[in-house]
Visitor: 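Can you read through this structure? Questions will come right after.
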Amino acid sequence: ENIEPIFEQIRECEEGFPVDRLLDGPICHSGFYRLNWEYKVYIHVGYPKCASSFLQMDIFSKDKRIRFHGIIRDPDSSKKIKTNPLIHEFILYVRGKTNITPKTKDLFRVINSSDINVISDEDFVMHDNVVVEDKVKRIKNIFPSAKIIIVVRSPISFLKSYYDFYFRGGHIKIGLN
């Protein structure tokens, strides 16, 4: 008896009723978080050695229109951006370091609906605890309408930069001469 109105509403939506009209009514009350329907969320999943540090330190963190929630781990950087613990929890979840799904309503206390929100981490595309496909599913689970930012570079340039990084860090002892 109580479920009939729900099936009726579903039928109406399938027949063309504009679903967005439901968002401000009693079906979607004030306690209902609309995920990122009205939020501008961008997830930068940049490959390593593809300008991630530049984007994080010189674009995302400095542009006044952007609320940067990212992570900076660049050892050469003196500029460290503190990550909100809730965003950090989301990043760990996406990376597969934890299987505890962050509470969406808590995350949206940090994400501002009037700002451009950017979360950035190179490890989103690196294979560690979970495969990249699962990371994509985890991002979509929390932010289904997020826009993804990915920067790639020429494979030869990428490999040379990656090699140089590890050579400078002392992890590789033989030069490319």
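Starting from 1, each residue takes its place in the sequence as its number. Computed from a predicted model, the values in this text were never measured in an experiment.
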Visitor: Out of Ile100, Leu107, Asp106, Thr101, which one pairs with Lys103 under the side chain to side chain contact (heavy atoms under 4.5 Å, CB included) rule?
Guide: Asp106
Visitor: Please find the pair of heavy atoms, one from Met57 and one from Lys62, that lie closest to each other, and give the distance.
Guide: O-CE, 3.5 Å
Visitor: Would you compute the distance between atom OG of Ser52 and atom CD1 of Ile150 and round it to the nearest 0.5 angstrom?
Guide: 9.5 Å
Visitor: Which word best sums up how the rings of Phe60 and Phe68 line up, parallel for under 30°, tilted for 30 to 60°, or perpendicular for over 60°?
Guide: tilted
Visitor: Check whether any side-chain heavy atom of Phe54 lies under 4.5 Å from a side-chain heavy atom of Val151, and answer yes or no.
Guide: no
Visitor: Identify, with sequence neighbours excluded, every residue that meets side chain to side chain donor-acceptor pair (under 3.5 Å) alongside Arg138.
Guide: Asn99
Visitor: Suppose we screen for salt bridge (Lys or Arg N to Asp or Glu O under 4.0 Å). Which residues come up paired with Asp63, at least two apart in sequence or across chains?
Guide: Arg65
Visitor: With sequence neighbours left out, what residues match Tyr93 under side chain to side chain donor-acceptor pair (under 3.5 Å)?
Guide: Asn141
Visitor: Do His69 and Asn84 make a side-chain contact, defined as non-hydrogen atoms from C-beta onward lying under 4.5 Å apart?
Guide: no
Visitor: Do Phe124 and Ile91 come within less than 4.5 Å of each other through their side chains, counting heavy atoms only?
Guide: yes
Visitor: For a 4.5 angstrom cut-off between non-hydrogen side-chain atoms, does Val45 reach Ile139?
Guide: yes
Visitor: With clusters defined by side-chain heavy atoms of hydrophobic residues (ILVMFWY) lying less than 4.5 Å apart, directly or transitively, does Ile43 cluster with Leu92?
Guide: no
Visitor: Is there side-chain contact between Ile142 and Pro102, with at least one heavy-atom pair below 4.5 Å?
Guide: yes
